[in-house]
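Okay, structure first, notes after.
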Amino acid sequence: MSRTDGAVTGTLANGRRRIVDLATSLPVWAAVLLVWGGGRLVSTVWLALAYPLMARAMPDNAIWGNEHGFGSFLTAWDGQYYEQISVHGYPSTLPLDTAGHVAQNAWAFLPAFPFAIRMLTASTGVPFTVGAPLVALAAGLVATFLLHRLVSDRAGHAAGMWAVFFFTCGPLSFLLQVGYAESTFLALTFGALLALERRRYGLLTVLGVVAAFTRPGALALPLLLGVVALVRWVRARRTAAGTGVRSLDAFPVAERVRVVVAGVVMAAAGLAWPVVAAHVTGRPDAYLETEMSWWVNFIGRVEFTPMTPWFLIAGRWLGVGGVLIVVFLLVAYPVWLLRRSTRALGATTVLYSAAYALYIFAVSLPMASTPRLLMPLAPLFGSPELVARPWMRWTFVSCALLGQPVLVAVLWLLGPP
């Protein structure tokens, strides 16, 4: 290595150390806010660069509404359905295609996010194209602080900051400031996980119910609660058998009742939306057929059977090899979750990551939207294993920063994500 190369390398190393020293010397709230703000600046730059490309290549109203300003660009794709809901509510009659099948419509999108925007726009007069990104930004900031607390409580401040970085600056972080419900759902989910950690079952129930009307996937919370309660009950029984201490002392009856009530209420909320859609439209299968209308372009019209969508699409596009890939993922993911480095994140995070992944595998079809559906697994970014060595840290950092413009181009321009 030449003297010049050594000087450059040393300068870069000193620069990295200064950045790390600055981040660690700040108060926690300031460090989290700084990383979140930097991530939003980076995302804004990439979205601003992509905006004129979409304006030229895709000028039709079906993609991003009647206006073509930057606000409409930030509320494109699924955002148009949220705008319809926010402004007009849900249709009482389902649209049909030429073959008489249910076409894509607003019933696939839950009401908490668009109704929150309606409250903002009604009280301030700002248009949806401004209100939706503002709500997403605020919810994303809350989600970021909650994520740091969730990870740092178990794995330490450094792990929490790495999770925050990958969450706010990673390839999908631009979704935290567009007209999608992701950031709202993430804030509710991370808050619910913290509430469960602290055994605040009333708060857990409220957040779980609102999450159930924000994005699909909230059923993972009552499943998680049931597993955690079962583990505590078994441990209490073993403790009682080994020491003679009553199991009620470790898991009191009053707490058991609160757990059961919270689980039942959240599960009922998670199953309520298909019932609402059926009541309003008069079709018992309104929600299911609406969701399935998005599958047609990928695998045609099929009957929905839980636990089969990933096998269906893998077999359709990749044959036997695709099925084997799915089987590999089904084995590799739980094995990785059980590694000691991952378990350092705490039982709540690990069990939730298993429960939510099981939900996604059971009911969703892998497509362009799958990466954003996996965003609730962000606490796993705090796994010490991912940043155990310098080369691993900077590899993941580079992939995070360079991956965002790629996904903005691939998902947001060619979308929908």
Side-chain angles (χ1 to χ4, degrees), residues 146-147 149-156 159-160 163 188-209 211-212 217-271 306-307 327 329-363 374 376-380 382-385:
L146 293 174
L147 173 64
R149 177 59 61 86
L150 181 65
V151 175
S152 63
D153 279 356
R154 294 292 180 176
L188 294 165
T189 298
F190 298 156
L193 295 177
L194 280 169
L196 177 57
E197 287 264 324
R198 289 155 174 72
R199 300 179 186 176
R200 298 179 60 182
Y201 300 113
L203 178 60
L204 168 64
T205 304
V206 171
L207 295 175
V209 168
L219 279 172
L221 290 172
L223 175 59
L224 167 66
L225 179 60
V227 174
V228 169
L230 179 61
V231 170
R232 285 192 61 198
W233 180 78
V234 170
R235 287 178 176 174
R237 291 291 297 269
R238 289 178 177 175
T239 300
T243 64
V245 178
R246 293 189 310 161
S247 63
L248 296 181
D249 296 334
F251 197 6
V253 172
E255 185 178 358
R256 297 183 196 183
V257 171
R258 293 198 298 273
V259 167
V260 171
V261 171
V264 170
V265 172
M266 288 192 295
L271 298 170
M307 301 291 182
V327 172
L329 292 175
L330 290 176
V331 175
Y333 181 68
V335 169
W336 185 73
L337 285 181
L338 293 175
R339 289 174 63 87
R340 179 176 305 216
S341 58
T342 308
R343 286 188 280 120
L345 297 172
T348 298
T349 292
V350 172
L351 289 173
Y352 174 77
S353 299
Y356 183 77
L358 176 62
Y359 173 87
I360 293 299
F361 172 74
V363 304
L374 297 178
L377 301 180
L380 295 178
S383 173
E385 182 180 46

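As a basis for the values below, the full set of heavy atoms in this structure was taken, side chains included, without hydrogen atoms, waters or symmetry mates.
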* Asked: Is there side-chain contact between Arg258 and Thr205, with at least one heavy-atom pair below 4.5 Å?
  -> no
* Structure fact -> By side chain to side chain donor-acceptor pair (under 3.5 Å), Arg149 pairs with (sequence neighbours left out) none
* Asked: Where is the tightest heavy-atom contact between Val151 and Ala163, given as atom of each residue plus distance?
  -> CG2-CB, 4.0 Å
* To do: May I ask you to test the Glu255-Tyr201 pair for a side-chain heavy-atom distance under 4.5 Å?
  => yes
* To do: Please tell me if the side chains of Leu146 and Leu150 come closer than 4.5 Å, counting only heavy atoms from C-beta onward.
  => no
* Count the heavy atoms of every other residue, nucleotide or ligand shown that sit under 6.0 Å from CZ of Arg339, and state whether that count exceeds 12. => no
Check residues 345-363 and write down every donor-acceptor pair under 3.5 Å in which the side-chain atom is one partner and the other belongs to a residue at least two apart or another chain.
unit_1	atom_1	unit_2	atom_2	d
Thr348	OG1	Glu197	OE2	2.6
Ser353	OG	Thr349	O	2.8
Tyr356	OH	Leu373	O	2.4

* Asked: Taking everything shown except Arg343 itself, do over 12 heavy atoms lie less than 6.0 Å from its CZ?
  -> yes
* Asked: Is the closest side-chain heavy-atom distance between Val259 and Trp233 below 4.5 Å?
  -> no
* **Minimum side-chain heavy-atom gap Leu221-Leu225 below 4.5 Å** => no
* Taking all non-hydrogen atoms of both residues into account, name the closest pair between Gly208 and Met266 and its distance. => CA-SD, 3.8 Å
* Locate the shortest heavy-atom distance separating Leu207 from Gly191; write the atom from each residue and the value. => CD1-C, 3.4 Å
* Side chain proximity check, Asp153 to Leu194, heavy atoms < 4.5 angstrom -> yes
